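Have a look at the structure below, then the notes.
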Amino acid sequence: MSSAGTRPPLPPAVGVHSAKPLVGAPMTAWAVGMLMATTPCTARDARHILAAAADLAHTTPDALAAVLVAGARGTPVPVHFERAVRRAMEAARTPAPPAGRRIGLTPSRTRTEEVLTRLRGCQAGLAATPGDPVALWAMDDAAYTLCVLMGRASVHEAVLAAEAHIGLPAS
């Protein structure tokens with residue numbers, strides 16, 4: 001509370017429908033959320049994708065984040081940025097070579113379906129509000145849980161393994 005006994009004004013909300021332009025860290029967080037929802041991947045992997053795409057596009061991650069956020073709001077994204085992001089996402093989805101036979105327990109189909117459903121729900125929530133820190137955390141947690149459950153290093157591999165385990169066609 002201020003000395004006058006009133007509360008200071010709250011900062012404006014940042015999100016998809018915000019009329020105020022995003023700058024700096026909120027813009028990068030928004031871009032990371034978009035990448036997490038579309039790839040799907042963890043926050044760490046999304047930051048790596050953003051950095052790799054920025055390298056491919058010969059720009060900085062912050063500048064690329066600004067272009068991605070503007071593109072989500074209707075501004076056309078330059079083709080070379082779009083290609084760079086697509087290539088970085090494809091590279092992130094490429095499975096690592098197997099490090100030998102996997103040894104371990106197979107999770108129950110019910111638990112696998114629960115975790116995969118949670119991941120898909122978080123993915124949808126993050127797609128709706130990419131800059132929401134709670135949605136980012138939930139997606140990161142669901143992605144990590146699925147990776148551990150399926151014994152895979154990347155979220156994409158874990159999703160494919162989970163879908164195969166419960167008998168869904170590959171997405």
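All values reported here derive from a predicted model rather than from experimental measurement.
- With rounding to the nearest 0.5 Å, the separation of CG in L160 from OG in S154 is 8.0 Å.
- Two residues are said to be in side-chain contact when any heavy atoms from C-beta on lie closer than 4.5 Å; T59 and F81 meet this criterion.
- Put simply, the side chain of T117 gets close to the backbone of E113: a donor and an acceptor are under 3.5 Å apart.
- Scanning both residues, T28 and L50, for their nearest heavy atoms gives CG2-CD2, 3.9 Å.
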- Query: Run the side chain to side chain contact (heavy atoms under 4.5 Å, CB included) check on V85 and L64 step by step: do they pass?
  - Reply: CA-CA 9 Å; V85 171; L64 182 59; 4.1 Å; yes
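- When all heavy atoms of P130 and A127 are compared, the closest pair comes out as CD-O, 3.8 Å.
- M89 and L56 sit in two unconnected hydrophobic clusters of ILVMFWY residues. Membership requires side-chain heavy atoms under 4.5 Å apart, directly or through other members.
- Among all heavy-atom pairs drawn from A88 and I49, the shortest one is CB-O, 3.6 Å.
- Shown here for A158 and M150, the closest heavy-atom pair between the two residues is O-CG, 3.7 Å.
- Comment: E163 engages R120 in a salt bridge, judged by a side-chain N to carboxylate O separation of less than 4.0 angstrom.
- R93 pairs by the side-chain hydrogen bond (donor to acceptor under 3.5 Å, both in side chains) definition with nothing, not counting sequence neighbours.
- Side chains of T145 and R118 form a contact here, defined as non-hydrogen atoms less than 4.5 Å apart.
- Without hydrogens or angle criteria, H165 side chain to T106 main chain gives no donor-acceptor distance under 3.5 Å.
- A salt bridge does not link R86 to E90: none of the charged side-chain nitrogens sits closer than 4.0 Å to a carboxylate oxygen.
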- Task: Could you walk me through whether L68 and M27 pass the side chain to side chain contact (heavy atoms under 4.5 Å, CB included) test, one step at a time?
- Result: CA-CA 9 Å; L68 292 176; M27 188 173 302; over 6 Å; no
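- Between D132 and L126 the shortest side-chain heavy-atom distance does not fall below 4.5 Å.
- Shown here for A54 and P61, the closest heavy-atom pair between the two residues is CB-N, 3.6 Å.
- Under a 4.0 Å N-O distance rule, the pair D140/R44 does not qualify as a salt bridge.
- Considering all non-hydrogen atoms of both residues, T112 and A162 come closest at CG2-CB, 3.6 Å.
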For residues 36-43, which side-chain N or O atoms pair as donor and acceptor with protein atoms under 3.5 Å away, sequence neighbours left out?
residue: T38; atom: OG1; partner: M34; partner atom: O; Å: 3.0
residue: T38; atom: OG1; partner: L35; partner atom: O; Å: 3.4
residue: T39; atom: OG1; partner: L35; partner atom: O; Å: 2.8
residue: T42; atom: OG1; partner: D45; partner atom: N; Å: 3.2
residue: T42; atom: OG1; partner: D45; partner atom: OD2; Å: 3.3

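- V32 and Y144 sit in two unconnected hydrophobic clusters of ILVMFWY residues. Membership requires side-chain heavy atoms under 4.5 Å apart, directly or through other members.
- Atom CG of L119 is separated from atom CD of E114 by 14.0 Å, given to the nearest 0.5 angstrom.
- A distance of 9.0 Å separates OG1 of T75 from CZ of R73, quoted to the nearest 0.5 Å.
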